[in-house]
Amino acid sequence: MPKKNKIQKSKKVIVKKISPKKVFIKNQVFKTNNAGASIRQSDKKGKQKEFFKYTLLRGMHDILPREEKYWRPFRDNAVKLADHFLYRQIETPVLEDANLFIRSVGKGTDIVDKEMYIFEDRDGKKVCLRPEMTASVVRAYIMHGLWSLPQPLKLWYWAPMFRHDRPQAGRYRQFTQFGCEVFGSDDPAVDSELILMAYNFFVDLGLPVQIKINSIGATEERNKYISALVEYYRGKRSYLCDDCKKRLNKNPLRLLDCKQEQCKPIKDEAPQILEWLESESKGHFMKVLEYLDELAIPYALDHTLVRGLDYYNRTVFEIYPAVDGEMNTQGALGGGGRYDPLIEQMGGHPSFGSGFSIGVERAAQYLKQACEQQICALPKAECNVYVAQLGDQARRNALKLINNIRNSGLKIDYNLTKNSLKVQLDSANGLKVPYTLILGQKEVIDHTVIIRDMESGVQEIVEQSKIAKIIAHKLEKIDLKKKR
Ligand code: AMP
């Protein structure tokens with residue numbers, strides 16, 4: 001049976017597949033992992049009833065605990081990085097005026113022409129589910145006068161995006177991005193700091209990555225370059241793939257994105273944008289690279305890297321998994337760049353902007369693969385102490401005790417649904433906690449608790465009011481021993 005339609009049946013269950021997406025079950029108890037399953041069951045009178053028909057929309061996905069464990073380290077690291085580099089979080093609505101993206105991301109891009117979830121709301125307004133975040137953040141920056149705050153203003157987000165793309169591996173219709181945007185400075189150090197953050201987002205978890213980088217210059221330089229590119233490609237039109245023929249008229253920079261073999265020799269010989277940059281843009285780019293050299297961040301110059309969106313200028317970059325020092329260019333983990341003209345274009349005072357976004361699904365997938373290949377391991381969720389209880393009275397008292405200990409900053413685990421001490425001690429052993437606190441009826445009456453050293457099995461009785469301090473002291477001693 002194909003995995004998609006796998007039905008795990010229990011005893012005495014008759015399962016009949018009536019179509020790839022329909023299953024027929026008598027006398028129930030079933031599980032299905034087929035998101036599109038429509039299941040019928042006979043009721044007491046033998047009448048058939050369709051009772052489960054919910055399904056995920058194409059390209060959508062649930063993040064279950066088994067996947068979430070690969071997300072959590074990134075979320076924690078995002079918060080840590082943002083705190084260290086002094087970025088502040090911004091949240092904007094998922095639903096926006098569609099023109100916000102049509103004008104900023106630009107007609108002729110795949111996002112606007114093919115992928116936007118765009119519709120009229122009940123007032124007849126053309127709205128869309130945001131396909132990316134930069135335009136929304138720029139809107140907020142202008143609308144709320146964030147330019148009047150001390151600059152550079154550094155913002156970060158962790159938010160869902162929506163693109164009606166063709167679903168495939170690593171490509172969803174709803175996906176999450178972690179991103180950072182910096183406003184109010186055109187200093188190359190800003191671009192390098194952003195690249196450092198994107199780099200650290202992975203490297204802090206032990207995931208090797210590499211940066212692809214290019215400069216697409218200022219708008220006038222790029223326009224001149226585009227004219228030269230079009231002229232070069234026009235002479236070779238008949239050798240181009242169908243997509244490139246369209247790109248030539250609609251969005252010539254995207255010609256450099258083409259992966260088709262037939263276009264490769266033409267692309268290899270195409271004029272390179274760096275030759276069209278004036279000294280100021282070249283100088284800016286050189287400084288970005290110098291910072292990266294100083295930081296020992298591995299990068300590869302790529303003159304064909306232009307990024308798909310209209311609003312970029314100067315620095316553009318993408319981030320890729322790098323296994324054995326080699327760059328895996330199959331799917332970018334993230335990308336970004338400078339977008340200075342966008343703020344004025346969207347009605348703000350002229351200013352500067354630079355940012356990046358990383359796809360969390362792809363990051364989590366990379367972490368999962370790297371853990372499976374033992375390139376890295378998930379960070380351990382360390383627990384300091386386990387609380388075991390015996391009897392109703394102890395259980396009532398335990399929750400209060402647990403709360404007090406937690407308030408003191410210790411990491412604590414417990415299971416109030418279990419009664420057996422053996423089962424609870426097994427759990428404590430599984431968590432490898434150094435100490436378990438045992439609370440029985442006698443201890444509740446005496447306001448005491450038993451501390452059990454899990455390694456030696458030695459137990460001592462202490463007052464409940466002193467327990468947090470005593471445990472903290474014991475843990476400090478263990479830490480000191482480890483350091484020696
Ligand atoms: P972009 O905004 O297109 O530069 O995308 C930045 C990053 O978001 C990409 O490098 C991917 O990691 C991620 N991403 C973009 N589109 C999708 C998608 N359809 N599904 C999952 N991740 C995506």
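Numbering starts at 1 and runs along the sequence shown. Both ligands and their constituent atoms are indexed starting at 1 by order of listing.
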(message) Taking a cutoff of less than 4.0 Å between a non-hydrogen atom of the residue and any ligand atom, is R362 in contact with ligand 1?
(response) yes
List every atom of ligand 1 that sits less than 4.0 Å from any heavy atom of [X], numbering the atoms from 1 in the order shown and giving each element.
{"X": "R307", "value": "4 (O)"}
{"X": "A332", "value": "9 (C), 10 (O), 11 (C), 12 (O)"}
{"X": "G170", "value": "20 (N), 21 (C), 22 (N)"}
{"X": "S357", "value": "2 (O), 6 (C)"}
{"X": "R163", "value": "1 (P), 2 (O), 3 (O), 15 (C), 16 (N)"}
{"X": "G359", "value": "7 (C), 8 (O), 12 (O), 13 (C)"}

(request) Consider only side-chain N and O atoms of E221 and S281, and report whether a donor and an acceptor are under 3.5 Å apart. (result) yes
(request) Consider only side-chain N and O atoms of E193 and Y87, and report whether a donor and an acceptor are under 3.5 Å apart. (result) yes
Salt bridge present between [X] and [Y] (N-O < 4.0 angstrom):
{"X": "E280", "Y": "R314", "result": "yes"}
{"X": "D242", "Y": "K246", "result": "no"}
{"X": "D340", "Y": "R338", "result": "yes"}

(message) How far is atom 12 (O) of ligand 1 from the closest protein heavy atom, and which atom is that?
(response) L333 O, 2.8 Å
(request) List the closest protein heavy-atom neighbour of atom 19 (N) of ligand 1: residue, atom name, distance to the nearest 0.1 Å. (result) Y172 O, 2.8 Å
(request) Can you spot which of R130, E96, E91 makes a side chain to side chain donor-acceptor pair (under 3.5 Å) with S136? (result) E96
(message) Is the shortest side-chain heavy-atom distance between N77 and F202 below 4.5 Å?
(response) no
(message) Given F178, F175, Y366, identify the one with the heavy atom nearest to atom 14 (N) of ligand 1.
(response) F175
(request) Identify which of R166, E115, Q177 has a heavy atom lying nearest to atom 7 (C) of ligand 1. (result) Q177
(request) Tell me whether the centres of the aromatic rings in Y239 and Y233 are closer together than 6.0 Å. (result) no
(message) With respect to I358, determine whether any N or O atom, backbone or side chain, lies less than 3.5 Å from an N or O atom of ligand 1.
(response) no
